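Data block below; observations after.
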Amino acid sequence: MKATILSRSASIPSTRRLVEVGRARGHRMRVLNPLRVQMHLDGGSATLYYDRKKLAPTDVVLPRIAQSINTYGLAVVNQFGLGRVPLVNHAQAIAQSRNKMRSLQLLSAHGIGIPATVMARDAAHLKEMVGLVGGVPVLVKLLQGQEKHGVMVCESLQSLEAALEAVLGLGHNLVMQEYVKSSGQDVRVLVVGGEAVAAVRRRPRPGRLAHTLNKGARLEVIELSPGQRATAEKATRLVGLEVAAVDMLDVQGQPKVFEVNSSPALPEMEAATGMDLATLIIMRAEALAAGAPPVSLPDLSPPAVLPVPPVPPASASGRKGNGRATKAGVGGG
């Protein structure tokens with residue numbers, strides 16, 4: 001099998017693991033920086049070049065597109081797909097997972113539990129709606145286009161107001177979510193080919209929210225409950241991904257998905273679980289190259305119409321706090 005990994009660098013740990021495993025299984029592996037791929041279209045045909053040299057055919061493509069090159073990188077992935085090359089994650093599915101607000105809308109409309117979330121463009125409106133997510137403290141998630149997203153914990157109405165005005169004043173979009181401090185588990189589930197294959201519980205460093213694996217969280221392998229497994233697999237199918245990490249909070253046995261990642265980090269999760277997860281991904285690539293049907297394509301249908309709860313008065317917004325707004329970390333999938 002001739003396999004192509006789309007990644008900015010072959011030295012990235014997850015990319016390196018996939019190359020090592022692929023070569024160990026006898027495959028010809030190449031790593032292409034998507035930014036160095038050129039595309040020629042003339043209305044009747046399409047040709048791909050790499051550093052101005054025509055690309056040789058490949059049997060399967062494994063995209064690992066960084067958010068910083070999302071637009072051009074996904075155009076390259078899409079062009080391979082239009083050429084009927086099997087893809088381990090289609091461009092549409094990756095784009096769906098990267099749009100955090102639309103992903104939450106999609107999951108909620110199809111009955112997937114998510115943390116209570118409010119979305120609005122005006123700071124005053126968001127402050128008035130804080131009661132809908134259980135009051136302060138709340139998570140404020142910055143959705144900064146194609147680069148990255150950040151997370152802040154606002155512990156009082158005063159700190160929330162200051163944070164919202166500052167962030168929205170810079171033109172950033174955001175969502176506000178309920179913050180479950182200690183009553184739930186922060187779980188990451190790796191799904192490959194529609195099946196949940198591994199899971200870890202993440203314990204962040206004291207004083208930090210670690211919603212990404214590279215922020216110092218300690219990982220502990222766990223056995224998935226039937227509810228966690230079903231939720232992770234359904235969320236991945238809805239978004240349309242072949243390989244994904246589903247991040248969820250499990251509160252008293254009720255899993256709530258807060259993110260679906262299309263390029264999960266592998267070495268950290270392999271070390272925690274003792275599993276060869278890269279081999280499972282390469283095996284899925286082999287199956288797709290051999291003609292196996294994809295698990296699903298992204299669900300791009302409009303969300304179902306959901307009932308809109310009444311907006312509570314500002315006085316019902318939550319308990320008083322100490323006025324701090326604590327930056328809790330930034331990162332992406």
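Fair warning: this is a prediction, and the values are worked out from it, not measured in the lab.
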Q: Give the intermediate values and the outcome of side chain to side chain contact (heavy atoms under 4.5 Å, CB included) for residues M29 and R23.
A: CA-CA 6 Å; M29 308 293 294; R23 288 176 177 168; 3.8 Å; yes

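- Residue pairs satisfying the side chain to side chain donor-acceptor pair (under 3.5 Å) criterion with at least one member in residues 79-88, sequence neighbours excluded, are absent.
- You'll find the side chain of Y49 reaches within 4.5 Å of the side chain of H40, heavy atoms only.
- Take K53 and apply the side chain to side chain contact (heavy atoms under 4.5 Å, CB included) test, not counting sequence neighbours, and it matches no residue.
- A side-chain donor-acceptor contact under 3.5 Å links S159 to the backbone of S156.
- For V133 against A116, the heavy-atom pair with the smallest separation is CG1-O, 3.3 Å.
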Q: Take Q177 and L104, measure what side chain to side chain contact (heavy atoms under 4.5 Å, CB included) needs, and give me the verdict at the end.
A: CA-CA 11 Å; Q177 291 184 318; L104 290 172; 3.7 Å; yes

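- In this view, A278 and R17, L18, V21, L266, E270, D276 satisfy the side chain to side chain contact (heavy atoms under 4.5 Å, CB included) rule, not counting sequence neighbours.
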Q: Go through the steps to decide whether L297 and H90 satisfy the test side chain to side chain contact (heavy atoms under 4.5 Å, CB included), and finish with yes or no.
A: CA-CA 8 Å; L297 291 176; H90 284 257; 3.9 Å; yes

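- Residues V175 and V118 form no side-chain contact, since every pair of their non-hydrogen atoms from C-beta on lies 4.5 Å or further apart.
- S262 and R98 make their closest contact through OG-NH2, 3.7 Å (heavy atoms, listed as atom of the first residue, atom of the second, distance).
- Between S263 and I65, every side-chain heavy-atom pair lies at or beyond the 4.5 Å cut-off.
- Within the 4.5 Å cutoff, the side chain of T47 has heavy atoms near those of the K54 side chain.
- Between R284 and G193 the shortest heavy-atom distance is NE-CA, 3.7 Å.
- In the model, E286 has a side-chain atom that pairs as donor or acceptor with a side-chain atom of H27 under 3.5 Å.
- A salt bridge does not link D59 to K2: none of the charged side-chain nitrogens sits closer than 4.0 Å to a carboxylate oxygen.
- Side chain of S225 to backbone of Q228: a donor-acceptor contact under 3.5 angstrom is found.
- Distance alone, capped at 3.5 Å, is enough to place a donor-acceptor pair between the N89 side chain and the E242 backbone.
- Annotation: side chain of R64 is in contact with side chain of S14 (closest heavy-atom distance under 4.5 Å).
- By the neighbour-count criterion of 12 heavy atoms within 6.0 Å, atom CE of M283 is sparsely surrounded, having that number or fewer from other residues, nucleotides or ligands.
- Applying the salt bridge (charged side-chain N to carboxylate O under 4.0 Å, His left out) rule to pairs touching residues 33-44 yields R36-D51, sequence neighbours excluded.
- Taking L35 as the reference, R8, N33, I69, Y72 meet the side chain to side chain contact (heavy atoms under 4.5 Å, CB included) condition, with sequence neighbours excluded.
- Taking the side chain as every heavy atom from C-beta outward, M176 and T117 never approach each other to under 4.5 Å.
- Counting heavy atoms from C-beta on, the side chains of L55 and R30 come closer than 4.5 Å.
- A donor-acceptor contact shorter than 3.5 Å links the side chain of N99 to the backbone of R102.
- A donor-acceptor pair under 3.5 Å is absent between the side-chain atoms of S97 and the main chain of V239, judged by distance alone.
- A salt bridge is absent between D250 and R201: the closest approach of a Lys/Arg side-chain nitrogen to an acidic carboxylate oxygen does not fall below 4.0 angstrom.
- Looking only at side-chain heavy atoms (C-beta outward), K141 and L174 stay at 4.5 Å or farther from each other.
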Q: Please assess I281 against L62 for the test side chain to side chain contact (heavy atoms under 4.5 Å, CB included), listing each intermediate value before the final yes or no.
A: CA-CA 9 Å; I281 294 173; L62 296 89; 4.0 Å; yes

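- What you find for L107 and V260 is that their closest heavy atoms are CD1-CG2, 4.4 Å.
- Sorted by first and then second residue, the side chain to side chain donor-acceptor pair (under 3.5 Å) pairs with a member in residues 229-239 form an empty list; sequence neighbours excluded.
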